[in-house]
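All values below were derived from every heavy atom in this structure, side-chain atoms included, with hydrogens, water molecules and symmetry-related copies excluded. Remember, it's a predicted structure, so these values are computed and weren't measured experimentally.
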Amino acid sequence: MTRDQLRHIFIEELMSIAPDIDLDGVPDTADLRDAVDLDSMDIMNLLIALHQRLGVDIPEADAIKLTTLGGAVAYLAERSSAT
Amino acid sequence: MPSLGADMDDGVLVEWDVKPGDRVSRGDIVAVVETQKGAIEIEIFESGTITRLLAAPGDTIAVGAPLAELDGPAATAGETEAAKAAPAPSAKAAAEPAAETLPERPAAPTIETPAVAATAREKTAPAVEAAPAAKAAPAGRVRASPAARQLAAERGIDLAGIQGTGPDGAVVRDDVAGGKAPQPAPGARPAAPTKTAETTGPARRGFDVDEMRKAIAAAMSRSKREIPHYYLSHTIDMRVASGWLDELNAQRPPEERVLIGMLLLKASALALTRFPEFNGRYENEAFAPAPAVHIGMAVAMRGGGLVAPALHDVDRLSLEELMAKARDLVARVRSGRLRSSEFTDAGITVTSLGERGVDTVFGVIYPPQVAIVGFGTVAMRALATENGVDAVPTVCATLAADHRVSDGRRGALFLREIDKLLQVPEAL
């Protein structure tokens, strides 16, 4: 799966669990918890959605790596190619 | 029209989910109503058959006025709504429950009823005809987020004509905005039928940050005016609870993990079973303890405002069940699909600041409740322990409670009970 596809999927799942956020102008490096006010429940829902959609195992300790768009794409690319 | 808060005077019917002839059971969702708190699904409190709808989408209906007629085996003439109603949301003025007849347009929707169920087997005058259907009436159920409804109302767009990309196909703001979504699904671009705002018909209020701000202002002003608050604070050592939870979560896939906030909620719920004076309602100069532990979970809305819908029977749920319910509740707050019972059932509120909060929250009681428990952020802090001063995870638990109902001594014991329960997390 390409990075563009992973990026697309990540954004799609994010917009699904948090339809009330606006990602316009949010840089890839921004912490989404600050940039669009995601709380721990939102992050948990996002991990679940990504896990179910991609089948990628995301250990609790790695959750922090998915809090930026850029970090998430890099992490998912690494994990999905590893499996 | 049920009262979904102390400050609610009326609501706008958005859609019917039933039609005459439909059989309904207690708890079924029969309609969606737009209030200051967004779109709310109205649950019926009795079983039977819908015989007549008395309101049309777009109508503004006063609290207490009937929405529909219901015919059921248990129905007996003359029985009033209040008799079978859910716990009363609140009442300043003990007005007669429901208006006997429904005027086509309630001129002065100011009745605040003590107890009105989300149903309408009310003896309505047969002469009353359903109001003429609104022009913008949605044909069927349209799932949409509050932001989407607001934007659609502003632009005069019919939500029914839009393909949603949100959860369960819900229409989200970007669907309405058209093309603002970063990666719209193929075909999701709405072919928005653009009517002008003037043609969208009657008062569709829509979710509105300003309206919610007004609702919060009214409730909180009343709280600070009427409720003599007292405040207590207690620091809880979270070494055991955090360690236990980390270990539990490490072995689990994301969908089975539990957030630390659930331990705090469950411990509060169990403590409440031993301290019932913090769970209930103060109305008409008397305290009525709640029959069950339904906890309002404060959820901040992005863009402003907050709601505290009820999680039911928290004391009886496993941590996993509680987590699933809380996730569902937050998702429905985000997409604007809360249910009427969630607005009326809570006997206490718990507010938890989450992981990026601050040390301590001093709550304001949500009337007619009599207490609010607050948890600051769980974080590493200096604590005097058996080893001296250590850096350990702690949380600051606070209680704001109504001095008309309880005293500081009991409040202190209540917070200590929560502490004690958190020291044995496997028993939660």
Using a 4.5 Å heavy-atom cutoff, which residues in residues 42-50 of chain A come close to chain B? A:Asp42, A:Met44, A:Asn45, A:Leu47, A:Ile48
Just to be sure I understand the criterion: a residue of residues 59-75 of chain A counts if one of its heavy atoms is under 4.5 Å from a heavy atom of chain B. Which ones qualify?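 Checking residues 59-75 of chain A against chain B gives A:Pro59, A:Glu60.
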Would A:Glu13 and A:Ser16 count as a side-chain hydrogen bond (donor to acceptor under 3.5 Å, both in side chains) here? Give the steps. CA-CA 5 Å; A:Glu13 294 302 333; A:Ser16 166; 4.7 Å; no
Structural part of B:Arg356 lying under 4.5 Å from a heavy atom of chain A: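 Interface part for B:Arg356: side chain.
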Part of B:Ala300 lying under 4.5 Å from any heavy atom of chain A: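 No part of it gets close to chain A.
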Which of the residues B:Ala326, B:Ala250, B:Pro254 is involved in the greatest number of heavy-atom pairs with chain A at under 4.5 angstrom? B:Pro254
So which of B:Val330, B:Leu259, B:Ile260, B:Asn249 has the biggest tally of heavy-atom pairs under 4.5 Å with chain A? B:Leu259
B:Asp328 bridged to B:Arg332 by N-O distance under 4.0 Å: yes
Would you call B:Glu320 and B:Arg252 a salt bridge, taking side-chain N to carboxylate O under 4.0 Å as the test?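 Salt bridge between B:Glu320 and B:Arg252, a charged N being under 4.0 Å from a carboxylate O: yes.
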Residues passing the side chain to side chain contact (heavy atoms under 4.5 Å, CB included) test with B:Asp359, sequence neighbours excluded, are B:Arg381
Derivation of the salt bridge (Lys or Arg N to Asp or Glu O under 4.0 Å) call for B:Arg302 and A:Asp37: CA-CA 7 Å; B:Arg302 281 186 276 269; A:Asp37 200 12; 5.7 Å; no
Test side-chain hydrogen bond (donor to acceptor under 3.5 Å, both in side chains) applied to B:Ser242 - qualifying residues, sequence neighbours left out: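 Applying side-chain hydrogen bond (donor to acceptor under 3.5 Å, both in side chains) to B:Ser242 gives none.
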Between [X] (side chain only) and [Y] (backbone N and O only), is there a donor and an acceptor less than 3.5 Å apart?
{"X": "A:His51", "Y": "A:Val56", "value": "yes"}
{"X": "A:Arg3", "Y": "A:Ala77", "value": "no"}
{"X": "B:Glu247", "Y": "B:Trp244", "value": "no"}
{"X": "B:Thr360", "Y": "B:Gly376", "value": "no"}
{"X": "B:His312", "Y": "B:His294", "value": "no"}

